[in-house]
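Keep in mind the model is a prediction, meaning the values are calculated, not measured.
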Amino acid sequence: MTTIASGTDTLTRDALTVLQPGFTGTTAPDWLLRRLGEGLASVGLFGRNIASPGQLAALTARLRQERDDVLVAVDEEGGDVTRLEVRTGSSFPGNHALGAVDDVELTRSVALELGRRLAECGVNLNWAPSADVNSNPGNPVIGVRSFGADPGLVARHTAAYVTGLQSAGVAACTKHFPGHGDTAVDSHLALPRIDVDPAVLRERDLVPFRAAIDAGTSAVMSAHILVPALDPDRPATLSRRILTDLLRGELGYEGLIVTDGMEMRAIAGTYGIERGSVLAVAAGADAICVGGGLADDETVRRLRDALVTAVRAGELPEERLADAAARVRALARSTASAAPGAPVTADEEVGLRAARRALRITGGESFTPLTEPPYVAALTPVANIAVGDETPWGVAAELARLLPGTETGGFAGEGAGRAALEAAGERRVVAVVRDEHRHPWMASALDTLLAARPDTIVVEMGVPQASPRASLHIATHGAARVCGRAAAEVIAGA
């Protein structure tokens with residue numbers, strides 16, 4: 001059973017309870033275990049904390065020795081954003097691929113299997129799915145993390161994902177409310193602004209969140225975005241109008257409200273994490289996510305003390321903090337004590353089946369599969385922070401398995417096309433791109449490759465917004481490992 005340190009007063013315990021901090025390393029540090037004894041109720045895991053399923057299971061078991069009902073959260077979207085398989089690439093395609101197939105039963109099955117794997121490792125809260133409608137093709141941070149640009153499609157797949165994930169005993173956290181899809185700025189770097197009419201928001205961005213609420217999502221994550229039509233002064237994470245009046249009042253949501261990472265520049269660079277955390281809880285947030293970048297005991301202490309000080313100064317109502325802490329504990333208890341349902345049968349191949357179905361192939365009718373190892377030219381953009389640069393992507397590894405001797409190189413910027421041609425020599429070129437439509441240098445490199453080598457094969461692993469213009473063009477709708485395998489099978493005729 002959980003043992004709360006006797007010297008920790010109620011206010012301090014509540015302040016610790018609403019925090020969802022991270023840490024470094026693959027074992028729980030002493031400070032984190034101590035904080036669990038003092039009232040901390042949640043821990044956030046990232047790729048740096050996960051080496052293998054066995055190690056993760058041992059880590060979560062150790063956390064539960066200190067607090068049996070601890071919420072162990074992870075940012076596991078599948079697809080491009082993976083923590084379970086951060087060093088190999090995901091066994092599941094992401095949302096955009098699932099939206100391209102548009103089979104809600106398949107989406108539910110993928111989420112169920114992903115949830116089964118999380119639960120097997122002791123994770124019981126997943127900061128997923130993304131319910132953002134990717135209405136801005138130039139969006140630098142959502143893109144293939146979205147099911148698509150149509151609100152109805154995003155809504156039905158969000159609901160299916162929530163249902164599948166929670167059927168495995170893992171709480172879903174639908175994000176990023178009220179919708180991050182129409183942004184041109186990455187909130188990891190600055191504060192995005194969405195200037196649209198309230199009617200557009202309700203008919204577009206809010207539709208998937210209504211579906212998630214109807215499906216019983218356990219949590220909703222707020223977005224660090226300014227939406228003047230809803231609140232001209234405060235970003236959503238800090239806005240009472242958005243979190244309390246809209247999400248709780250108008251939409252009738254009663255579950256846990258979690259913030260996006262408070263160390264993201266949209267908040268840290270404008271309000272600071274201490275002030276931002278106080279304002280977020282006052283606005284209606286129940287759990288403060290921090291730990292993607294700031295992952296130490298000092299951060300926990302600073303935020304705890306900021307919340308306690310704000311209550312004592314009359315800036316944060318004590319009952320609001322107590323209510324937030326009660327919601328965290330309620331989800332922690334319900335997740336820990338949930339009666340096991342029917343056993344979830346493993347479906348190890350569901351991700352690959354989904355990735356194969358998501359392919360959109362242009363020129364395949366006249367294509368002869370390769371029998372000789374090609375040269376894979378990866379035209380590599382800078383990865384956004386949510387995706388990170390730790391996870392491998394592309395088709396080279398899978399092509400090398402099917403066509404031993406395949407070589408590869410990464411190219412970027414001006415002159416990338418010429419450099420790739422020189423490196424390829426006489427080999428057939430497979431050019432792999434990610435969001436060609438967002439990167440003029442990438443489009444120019446493809447122009448160079450196709451002009452010199454018209455038989456170049458192009459694999460688009462981002463949002464396939466640019467027109468296909470190769471003898472064989474494969475759109476995978478995501479850069480997960482299984483997406484690369486599905487594309488490689490087509491190229492090699494496997």
Hey, is the main chain of [Y] close enough, under 3.5 Å, to the side chain of [X] for a donor-acceptor pair?
X: H477; Y: A358; answer: yes
X: R35; Y: A41; answer: no
X: T60; Y: V123; answer: no
X: N49; Y: T26; answer: no
X: S334; Y: L331; answer: yes
X: T17; Y: G39; answer: yes
X: D14; Y: A325; answer: no
X: R67; Y: L40; answer: yes
X: S146; Y: I142; answer: no
X: R434; Y: V463; answer: no

When rounded to the nearest 0.5 angstrom, what is the spacing between [atom1] in [X] and [atom2] in [Y]?
X: I225; Y: I194; atom1: CD1; atom2: CD1; answer: 4.0 Å
X: I50; Y: Q55; atom1: CD1; atom2: CD; answer: 7.0 Å
X: L191; Y: Y271; atom1: CG; atom2: OH; answer: 7.5 Å

Quick check: closest heavy atoms across [X] and [Y], and the distance to 0.1 Å?
X: A285; Y: A324; value: O-CB, 3.9 Å
X: T244; Y: A283; value: OG1-O, 2.6 Å
X: T158; Y: A212; value: CG2-CB, 3.8 Å
X: V395; Y: A487; value: CG1-CB, 4.0 Å

Next on the checklist: Filter on side-chain hydrogen bond (donor to acceptor under 3.5 Å, both in side chains), then keep only pairs touching residues 255-270, sequence neighbours left out; what's left?
Outcome noted: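 Checked against side-chain hydrogen bond (donor to acceptor under 3.5 Å, both in side chains) - neighbours excluded - no pair reaches residues 255-270.
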
Quick one: do the [X] and [Y] side chains pair a donor with an acceptor below 3.5 Å?
X: D205; Y: H180; result: no
X: D231; Y: S239; result: yes
X: D296; Y: T299; result: yes

- Assign the ring pair F209 / F177 to parallel, tilted or perpendicular, where the plane angle (0 to 90°) is split at 30° and 60°.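 The rings of F209 and F177 stand perpendicular, inter-plane angle above 60°.
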
Is [Y] close to [X] at the side-chain level, that is, under 4.5 Å between some pair of heavy atoms?
X: D435; Y: P381; result: no
X: P53; Y: R117; result: no
X: L118; Y: E76; result: yes
X: P151; Y: E203; result: no
X: N126; Y: C173; result: no
X: R87; Y: T391; result: no

Any carboxylate oxygen within less than 4.0 angstrom of a Lys/Arg side-chain nitrogen, looking at [X] and [Y]?
X: R108; Y: E113; result: no
X: D347; Y: R116; result: no
X: R356; Y: E489; result: yes
X: D286; Y: R329; result: no
X: E274; Y: R302; result: yes

> Going through the checks in order, is the side-chain contact (heavy atoms from CB on, under 4.5 Å) test met by K175 and V220?
Replying inline: CA-CA 6 Å; K175 61 189 183 185; V220 168; over 6 Å; no

Review point. Only one of D150, D197, D182, D132 forms a salt bridge (charged side-chain N to carboxylate O under 4.0 Å, His left out) with R204, so which one is it?
Key: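 Checked D150, D197, D182, D132 against R204; only one passes salt bridge (charged side-chain N to carboxylate O under 4.0 Å, His left out): D182.
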
Criterion salt bridge (charged side-chain N to carboxylate O under 4.0 Å, His left out) on R145 and E77, from CA distance to verdict: CA-CA 8 Å; R145 300 169 65 197; E77 299 177 16; 2.7 Å; yes

Per the side chain to side chain donor-acceptor pair (under 3.5 Å) rule, which among N136, N134, N139 passes with T183?
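Per the side chain to side chain donor-acceptor pair (under 3.5 Å) rule, the option paired with T183 is N139, out of N136, N134, N139.
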
Consider side-chain contact (heavy atoms from CB on, under 4.5 Å). Of L98, L114, L84, T82, which one does F92 pass it with?
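When L98, L114, L84, T82 are each tested with F92, the side-chain contact (heavy atoms from CB on, under 4.5 Å) holds only for L114.
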
Requested in this report: Any chance you could lay out the side-chain contact (heavy atoms from CB on, under 4.5 Å) test for H473 and I361, step after step, and finish with the verdict?
Outcome: CA-CA 6 Å; H473 185 281; I361 301 169; over 6 Å; no

Practice task
Count the heavy atoms of every other residue, nucleotide or ligand shown that sit under 6.0 Å from CZ of R240, and state whether that count exceeds 12.
Solution key: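 Not more than 12 within 6.0 Å, no.
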
- Message: Can you tell me if E254 has over 12 outside heavy atoms packed within less than 6.0 Å of its CD?
- Response: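 Count not over threshold, so no.
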
- Go through the structure and list residues passing side chain to side chain contact (heavy atoms under 4.5 Å, CB included) with A172, not counting sequence neighbours.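 In terms of side chain to side chain contact (heavy atoms under 4.5 Å, CB included), with neighbours along the sequence ignored, A172 is linked to P129, V162, L165, Q166, T217.
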
- Task: Kindly indicate, with the supporting measurements, whether the criterion side-chain contact (heavy atoms from CB on, under 4.5 Å) is fulfilled by L246 and L230.
- Result: CA-CA 9 Å; L246 175 59; L230 300 178; 3.9 Å; yes

Item to complete: Begin from the C-alpha positions of Q20 and W127 and carry the test side-chain contact (heavy atoms from CB on, under 4.5 Å) through to its verdict.
Response: CA-CA 12 Å; Q20 291 191 342; W127 293 318; 3.3 Å; yes

Inset, instruction - Verify salt bridge (charged side-chain N to carboxylate O under 4.0 Å, His left out) between R83 and D75, making sure each step is shown before the conclusion. - result: CA-CA 7 Å; R83 309 308 177 207; D75 196 8; 3.2 Å; yes

NZ or CZ of R481 within 45° of W393 ring axis and under 6.0 Å: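 Pair R481/W393 does not count as cation-pi.
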
Apply salt bridge (Lys or Arg N to Asp or Glu O under 4.0 Å) to D195 and list each qualifying residue two or more places apart in sequence or on a separate chain.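 For D195, the residues satisfying salt bridge (Lys or Arg N to Asp or Glu O under 4.0 Å) (neighbours in sequence not counted) are R193.
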
Next item on the list: Go through the steps to decide whether R210 and E250 satisfy the test salt bridge (charged side-chain N to carboxylate O under 4.0 Å, His left out), and finish with yes or no.
Entry: CA-CA 10 Å; R210 291 183 185 273; E250 184 177 329; 3.5 Å; yes

